[in-house]
Protein chains: 2
Amino acid sequence: MPRSEQTQTAILGALSIMPMTGYALREEIRDTLGHFWSESFGQIYPALAELERQSLVERSAEGGSRSHTFALTPAGLLRLRELLAEPPQQEKPRNGLLLRLFFGSQLGAEATRRLVLDAREKAKAQLTQMDVARRSLLDDASLADQAPYILLTISAGEHSARASIAWANEALAELAMMAEAVMLEAPEAPNTPDDRDAPETPSARNSFGS
Amino acid sequence: MPRSEQTQTAILGALSIMPMTGYALREEIRDTLGHFWSESFGQIYPALAELERQSLVERSAEGGSRSHTFALTPAGLLRLRELLAEPPQQEKPRNGLLLRLFFGSQLGAEATRRLVLDAREKAKAQLTQMDVARRSLLDDASLADQAPYILLTISAGEHSARASIAWANEALAELAMMAEAVMLEAPEAPNTPDDRDAPETPSARNSFGS
DNA sequence: ATAAGCATGTAAGGAGTTACATGATTCT
DNA sequence: AGAATCATGTAACTCCTTACATGCTTAT
């Protein structure tokens with residue numbers, strides 16, 4: 001349940017696929033789990049030390065003297081299964097884009113539009129990333145056992161990205177209509193209205209939500 | 001850019017719609033921004049104190065002596081616009097569901113299926129929540145200015161929830177096919193195989209990603 | 001009267017990021 | 001020889017959550 005256990009889960013999971021160094025662990029987590037998971041550098045080494053203390057992973061000197069490969073112990077595999085079986089803790093959402101859109105009337109239509117365009121670009125980039133991930137997964141014969149499950153996570157990324165693109169397109173159309181409506185109200189000023197600081201009425205509104 | 005500024009943004013934004021107490025602030029953030037934003041209790045009061053110190057909000061005694069209503073100052077409104085114009089920091093993803101699915105071969109097909117079913121239920125619940133939010137928004141005449149922007153965030157929630165449902169349906173079909181394939185391989189055991197701990201080969205795999 | 005909800009704050013602690021320090025190895 | 005990359009770790013700091021402490025007001 002505590003959040004640090006999720007870090008342990010990610011590390012044990014990665015090591016269950018293949019033993020590796022802490023450095024490699026970080027790169028795999030970034031590159032392979034990156035679209036739905038992240039661990040920072042200063043998190044991985046302390047977590048590895050703790051897992052070693054509990055005999056859930058073992059380090060073996062290999063290559064240079066300063067390089068250790070970490071591997072799951074049998075107890076580590078059991079622990080991984082235990083951790084995976086615990087209910088996922090729902091993350092507290094903190095979506096900076098939607099926060100800005102919500103207060104879009106203060107931000108202004110043009111800046112809002114740029115935010116949405118940017119979000120659409122990011123979603124498109126994710127879509128191609130998912131495509132790359134799917135190809136390299138299917139090329140890797142050693143992952144045959146895991147592939148069906150990993151494909152579910154790739155598909156989730158694609159669904160999410162496509163939803164973002166569809167939403168962005170609708171939002172852009174909506175914003176364009178709002179801009180037109182503004183122009184109809186004030187046909188004398190077809191250029192950027194620049195009404196920043198103009199409506200000096202931040203005063204009492206009376207409901208917000210119900 | 002620092003994360004605490006996002007807290008200030010949320011608070012200033014809420015107060016730009018309507019002055020209120022710290023307690024009400026927390027409830028509005030939970031109920032109105034809840035599907036894309038969260039602030040914890042212990043965050044709001046210190047942030048309000050800091051904003052007051054910077055003269056961005058003002059408190060006025062009202063009602064009981066122990067109850068203060070906070071309101072934006074003109075400087076606070078300008079600061080809000082400044083903060084909204086800063087680029088949103090992308091949140092580090094931490095999706096416990098996808099982490100478990102990724103390692104689904106260790107978790108087992110049945111537990112994986114339950115996770116997906118649960119995710120679909122949550123998405124359906126969000127869809128009805130969004131519907132409620134849209135209705136109460138359109139009923140509230142005082143939010144007419146903000147409504148077009150707020151609707152964009154509601155629409156984002158709907159797109160996201162519908163994508164989750166569509167994904168879950170595909171995933172469930174996929175998981176059902178996987179279960180069938182297992183049964184064809186081992187037609188002697190049509191019941192729950194319970195092969196937990198059976199394949200005791202956590203040993204060397206050789207690629208993981210490329 | 002008493003329970004539920006409104007209201008304000010503080011303190012302790014855990015989580016997580018960033019930057020720093022250090023050195024080995026490999027490529028050019 | 002020098003640069004890039006691999007590799008391990010620590011320390012300081014920010015952020016955030018949770019639990020606690022307190023007391024008022026309103027409904028039952």
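On a predicted model such as this, the values are computed, not experimentally measured, just so you know.
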Item to complete: Mind calculating the distance between CD (A:Q43) and C1' (D:dT10) to the nearest angstrom?
Response: 14 Å
Discussion item. Less than 4.0 angstrom between a side-chain N/O of B:R59 and OP1 or OP2 of C:dT8, yes or no?
Written reply: no
Let me check something: any side-chain donor-acceptor pairs from residues 124-133 of chain B under 3.5 Å, sequence neighbours excluded? List them with distances.
{"from": "B:T128", "atom 1": "OG1", "to": "B:A125", "atom 2": "O", "distance (Å)": "2.9"}
{"from": "B:D131", "atom 1": "OD2", "to": "B:R135", "atom 2": "NE", "distance (Å)": "3.1"}
{"from": "B:D131", "atom 1": "OD2", "to": "B:R135", "atom 2": "NH2", "distance (Å)": "3.1"}

Discussion item. If we ignore hydrogens and angles and just use 3.5 Å, is the side chain of B:R120 paired with the main-chain N or O of B:V116 as donor and acceptor?
Written reply: no
Discussion item. Please report the distance, rounded to the nearest Å, between CD in A:Q6 and P in D:dT17.
Written reply: 15 Å
Fill in: Phosphate contact (C:dT18 OP1 or OP2) by B:K92 side-chain N/O below 4.0 Å
yes
Fill in: Atom-to-atom span, CD of A:Q8 to C1' of C:dG16 - whole angstrom
15 Å
Worksheet item: Given atom CE of B:M20 and atom C1' of C:dA7, what is their separation to the nearest angstrom?
Response: 15 Å
Practice prompt. Could you list the residues that satisfy ring-ring contact (aromatic ring centres under 6.0 Å, His included) with B:Y23, not counting sequence neighbours?
Written response: none
Item to complete: For A:E91 and C:dA15, give me the distance from atom CD to atom P, rounded to whole Å.
Response: 17 Å
Response to the item:
The complete set of salt bridge (charged side-chain N to carboxylate O under 4.0 Å, His left out) pairs with one or both residues in residues 151-170 of chain B, sequence neighbours excluded, reads B:R134-B:E158
Worksheet item: Starting at CD1 of B:I11 and ending at P of D:dC15, how long is that distance when rounded to a whole Å?
Response: 13 Å
Discussion item. How many whole angstroms separate atom CZ of A:R94 from atom P of D:dC15?
Written reply: 10 Å
Worksheet item: For A:A147, which residues count as a side-chain contact (heavy atoms from CB on, under 4.5 Å) partner, sequence neighbours excluded?
Response: A:L137
Discussion item. Strictly below 4.0 Å: does B:R26 bring a side-chain N or O up to OP1 or OP2 of C:dA7?
Written reply: no
Check: protein-nucleotides 3-7 of chain D nitrogen or oxygen pairs below 3.5 Å:
{"from": "D:dC6", "atom 1": "OP2", "to": "A:Y23", "atom 2": "OH", "distance (Å)": "3.1"}

Worksheet item: D:dT8 P sits how many Å from A:E39 CD, rounded?
Response: 16 Å
Worksheet item: Who pairs with B:E52 by side-chain contact (heavy atoms from CB on, under 4.5 Å), at least two apart in sequence or on another chain?
Response: B:V57, B:R59
Worksheet item: Have B:R79 and B:S55 got a donor and an acceptor in their side chains that come within less than 3.5 Å?
Response: no
